[in-house]
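Step one of this worksheet: look at the structure below.
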Amino acid sequence: MRVVTVPCLADNYAYLVVDEDTGRAAIVDPGEAPPVLDAVAREGVTLAAIWATHHHPDHVGGNRDLLAALPDLEVVGHRHDQAHARIPGLTRAVDHDDEVALDGVRARIIHNPGHTLGAISFWLPDHAAVFTGDTLFAAGCGRLFEGDAAMMFTSLGRLAALPPETRVFFGHEYTESNLRFAAHTEPEVAAIHAAIADAAARRGRGEPTTPSTIGAELATNPFVRAASADQLGERRRAKDVFR
Ligand code: FE
Ligand code: ZN
């Protein structure tokens, strides 16, 4: 399996997931069709599926044009978005722990509501990769459009529990501004300052900062590192006991 990053729109990333044994590919979050069709041609692969992390137009805006060119594509999304008919061309509705396959490449579905109620990640356990859409970004997380903070906290916890070497392929190039916020919230964390230098170097070379890793997010992402209100309460009570 290999992943080809496909920049779309202003700062979105779609990803071509290629099964190298069969030459077939799935596209994660095609915000628009032209760059995806270019990448498919350039890589010499056959597009077989669209994997949608959520219904927002900057992630599914290319579905209709891709289906017009390739009508047999499987289109995968969460059942909540099927119920609301908001992922164009959806053919396969999934839920937490379901499995989808691109030939020999297996993806497990992780339901992570918060940014939207039907937000999902595609986790490829055999390939140490997860596609997180707008739920988990490098050093940040998505805005709460449909869910609440408690939901997002649980969702980020599910992703943080993946093996630390798991590569995180996220939906937007927000890394530098996210890291500035992270440095503001936790100025004493050296890993954040190292990540700022690394991101600046990559952007300076015109490269994307994707993918991150779960391990890097555990070290730098204030939303992954945040303790829940309950945990904070427990710590405070524990401190009182020892005072
Ligand atoms: Fe979104
Ligand atoms: Zn987005």
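In each ligand, atom 1 is the first atom listed, and ligand 1 is the first ligand listed. Note that the structure is a prediction, hence the values are computed from the model and not measured.
- Heavy-atom contacts from other residues, nucleotides or ligands closer than 6.0 Å to CZ of R205 number more than 12.
- Around the Fe ion (ligand 1), the protein atoms of type N, O or S found under 2.8 Å away are H54 NE2, H56 ND1, H115 NE2, D134 OD2, listed by chain and number.
- Judged purely by distance below 3.5 Å, without hydrogens or angles, the side chains of D81 and H55 never pair a donor atom with an acceptor atom.
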Would you please test R42 and D38 for salt bridge (Lys or Arg N to Asp or Glu O under 4.0 Å) and show each step?
-> CA-CA 6 Å; R42 194 172 59 238; D38 286 351; 5.7 Å; no

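- For the side chain to side chain donor-acceptor pair (under 3.5 Å) test with E173, the passing option among N12, T210, N178, T209 is T209; the others fail.
- The Zn ion (ligand 2) has D58 OD2, H59 NE2, D134 OD2, H172 NE2 as its protein N, O or S neighbours under 2.8 Å.
- Among residue pairs with one or both ends in residues 82-105, those qualifying as ring pair (Phe, Tyr, Trp, His ring centres under 6.0 Å) are H80-H84; sequence neighbours excluded.
- The aromatic rings of F223 and F181 sit parallel, their planes meeting at an angle under 30°, below the 60° perpendicular limit.
- With hydrogens and angles left out, the side-chain atoms of H54 and E146 include no donor and acceptor closer than 3.5 Å.
- By the salt bridge (charged side-chain N to carboxylate O under 4.0 Å, His left out) test, D103 is found to be paired with R24, residues two or more places apart in sequence or in another chain being considered.
- The aromatic rings of F137 and F170 stand perpendicular to each other, their planes meeting at an angle above 60°, with 30° marking the opposite boundary.
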